[in-house]
Amino acid sequence: MKPILLSAAILLVVSTHGQVSLIPQPVSVKQPKTAAKFSLSPSTVIVLEGSNLDNVATFLNDYLDQVYHIKLNVATTSHSNNAIHLNFERMDKAVPGAYRMTVDNKGVYIAGDNETGVFYGMQTLIQLLPVQITNAKLQIPFVSITDYPRFAYRGMHLDCGRHFFPVSFVKKYIDYIALHKMNYFHWHLTEDQGWRIEIKKYPKLTEVSAWRNGTIIGRYPGTGNDGIHYGGFYTQDEIKDVVDYAAKRYITVIPEIEMPGHSSAAIAAYPYLSCFPNEPTKHPPQCAWSGDSTGKQVQQTWGVFEDVFCAGKDSTFDFLENVLDEVMALFPSKYIHIGGDECPKTHWQRCPYCQKRINDEHLKDAHELQSYFVQRIEKYLNSKGRTLIGWDEILEGGLAPNAMVMSWRGEDGGIAAAHEKHNVIMTPGNWVYLNYSQTRNEDSVTIGGYLPLEKVYSYEPVPAALSADEKKYILGAQGNLWTEYIGNEKIAEYMLFPRMTALSEVLWSKKKDSAGFAKRLMTQVKRYQLWNTNYSKASLNLAGLAPSGSMMLVKRETSKVKTVPHAGR
Ligand code: ACM
Ligand code: ZN
């Protein structure tokens with residue numbers, strides 16, 4: 001399938017100068033002192049010298065077709081110099097994803113240590129293509145590059161629970177991840193406000209849990225309720241299609257099924273999962289409600305809710321194991337994310353089943369009950385060969401033996417987990433929550449927080465507090481996009497860019513170079529335009545967008561300009 005990113009009607013283009021502008025910055029870029037260039041034209045051939053490289057050629061061809069309206073022939077041999085050779089080689093630096101490439105008078109040569117490396121080399125080739133519209137040829141400067149990533153885990157998350165995004169946008173999101181040489185897509189699929197994954201054994205999860213009768217208007221607690229029946233879900237066929245689409249881009253999709261908290265939507269369909277099936281769903285009195293408010297309901301506002309999965313009843317675990325069976329059949333990922341965050345213990349404290357569990361299992365308190373819950377699920381996942389990931393609350397009451405921790409409430413959870421020799425993904429809100437405002441002058445509704453571009457760029461995922469040995473447990477970091485106030489694709493893109501681009505460099509490149517990044521970002525902005533992608537100009541010196549202008553990151557907001565006005569809920 002084609003990448004579905006790109007619809008800009010673009011003519012043939014040419015670069016104005018020979019300087020390459022790559023993000024993330026490669027380990028080594030050498031440019032000979034020559035004005036000579038490789039001309040990519042419809043007669044250029046992609047030569048697959050290694051096996052199973054068709055994916056790489058297909059992505060390149062789809063990109064060329066959709067941006068430049070060129071499609072290249074693919075062959076297994078060629079003696080011409082007008083060729084892009086894709087090959088395997090043992091790399092000096094044995095890091096997954098390593099590649100090297102040369103562009104010279106013999107053509108383009110890309111070699112990776114495996115398919116992924118070749119794919120990343122091809123992404124670099126894409127960034128060597130010119131970004132300005134002219135009628136001339138596609139010229140690529142001569143260059144020699146060696147490259148490999150700093151971190152093994154370079155992730156992006158998307159919350160499809162608060163707001164639902166169609167498969168077409170999920171694929172676009174995956175393309176964005178690929179174009180930034182990132183390799184994990186964390187798909188947040190269940191929430192209080194909507195359950196988004198078809199589970200055949202539990203049809204009410206999509207008949208009932210996937211829909212809410214309204215949504216608060218504006219920032220919490222809201223100025224009313226829009227009264228709009230809202231929702232959606234992904235069928236299992238759609239999920240298989242997305243997973244396959246991602247795999248062709250060397251991206252692993254990690255599903256997140258929230259438990260024991262953030263489970264109001266599931267409980268609305270199957271009240272027996274609650275400690276108190278007969279108690280109606282509570283919602284904050286200051287938030288306007290739409291429609292029926294008797295019985296269990298899918299939430300219509302944002303926050304943390306007390307009605308969570310009962311940890312005392314075995315029927316809860318039967319349900320979750322059945323759900324996870326279907327999830328594991330759809331997602332080959334070694335990692336399965338079970339949430340674990342923001343689970344109030346108030347119901348557990350007055351639930352006879354939960355109290356009995358605490359007694360029977362000799363647990364000290366409700367925190368240990370949460371730990372029991374997570375460890376029981378971990379045992380199940382491990383028995384199927386999978387590894388559990390949870391938000392850092394899973395440390396409370398004792399960490400499950402093999403769990404990986406996503407540290408979101410700052411870095412302390414990640415540091416504690418690394419001390420305990422557990423793998424960690426850093427995703428601290430103040431550095432990588434891309435749903436935070438990127439300008440203090442934000443004229444739309446956001447969740448709050450302030451995360452300008454330069455702060456994302458300055459992020460260092462490996463805490464200095466760790467010993468040299470513990471540092472190896474930090475596998476990488478991830479940008480999160482929570483969608484309480486991100487109701488459509490254009491706002492999602494606006495929040496992503498350019499901050500996701502900064503994060504890609506944090507995760508790939510060992511050396512920080514903020515002045516260089518700011519300069520290279522100006523070319524990247526032109527790529528956003530080629531992709532027809534929305535982005536924020538809050539951190540860009542707008543004068544710098546002119547080809548001859550100076551380019552810099554600004555330390556304060558200079559503009560509130562953006563292409564799409566926010567209409568946030
Ligand atoms: C989270 O932001 N509640 C993980
Ligand atoms: Zn209970």
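In what follows, residues are counted from 1 in the order of the sequence shown. As the structure lists them, so they are numbered: ligands from 1, and atoms in each ligand from 1.
Between the side chain of Gln355 and the main chain of Gln349, a donor-acceptor pair closer than 3.5 Å is present. Ser264 contributes no side-chain N or O that, together with a main-chain N or O of Asp192, makes up a donor-acceptor pair within less than 3.5 Å. A distance-only check finds no donor-acceptor pair linking the side chain of Asn435 to the backbone of Leu481 [under 3.5 Å].
In this structure, Phe165 has its ring center at least 6.0 angstrom away from the ring center of Tyr173.
Applying the ring-ring contact (aromatic ring centres under 6.0 Å, His included) test to residues at least two apart or on different chains, the pairs with a partner in residues 332-371 are His186-His337, Phe276-His347, His337-Trp391.
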For ligand 1, output the ligand-protein N/O contacts shorter than 3.5 angstrom; if there are none, return none.
| from | atom 1 | to | atom 2 | distance (Å) |
| --- | --- | --- | --- | --- |
| ligand 1 | 2 (O) | Tyr433 | OH | 2.6 |
| ligand 1 | 3 (N) | Asp341 | OD2 | 2.7 |
| ligand 1 | 3 (N) | Glu342 | OE1 | 3.3 |

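Judged by the 6.0 Å distance and 45° axis criteria, Lys282 is not positioned over the aromatic ring of Phe305. For Arg440 and Tyr450, the positive end sits near the middle of the six-membered ring, less than 6.0 Å away and at most 45° from its axis.
Ring planes of Phe497 and Tyr176: perpendicular class, angle over 60° (limits at 30 and 60°).
With sequence neighbours left out, Ser290 forms a side-chain hydrogen bond (donor to acceptor under 3.5 Å, both in side chains) with no residue at all.
Within the protein, the number of N, O or S atoms lying under 2.8 Å from the Zn ion (ligand 2) is 4.
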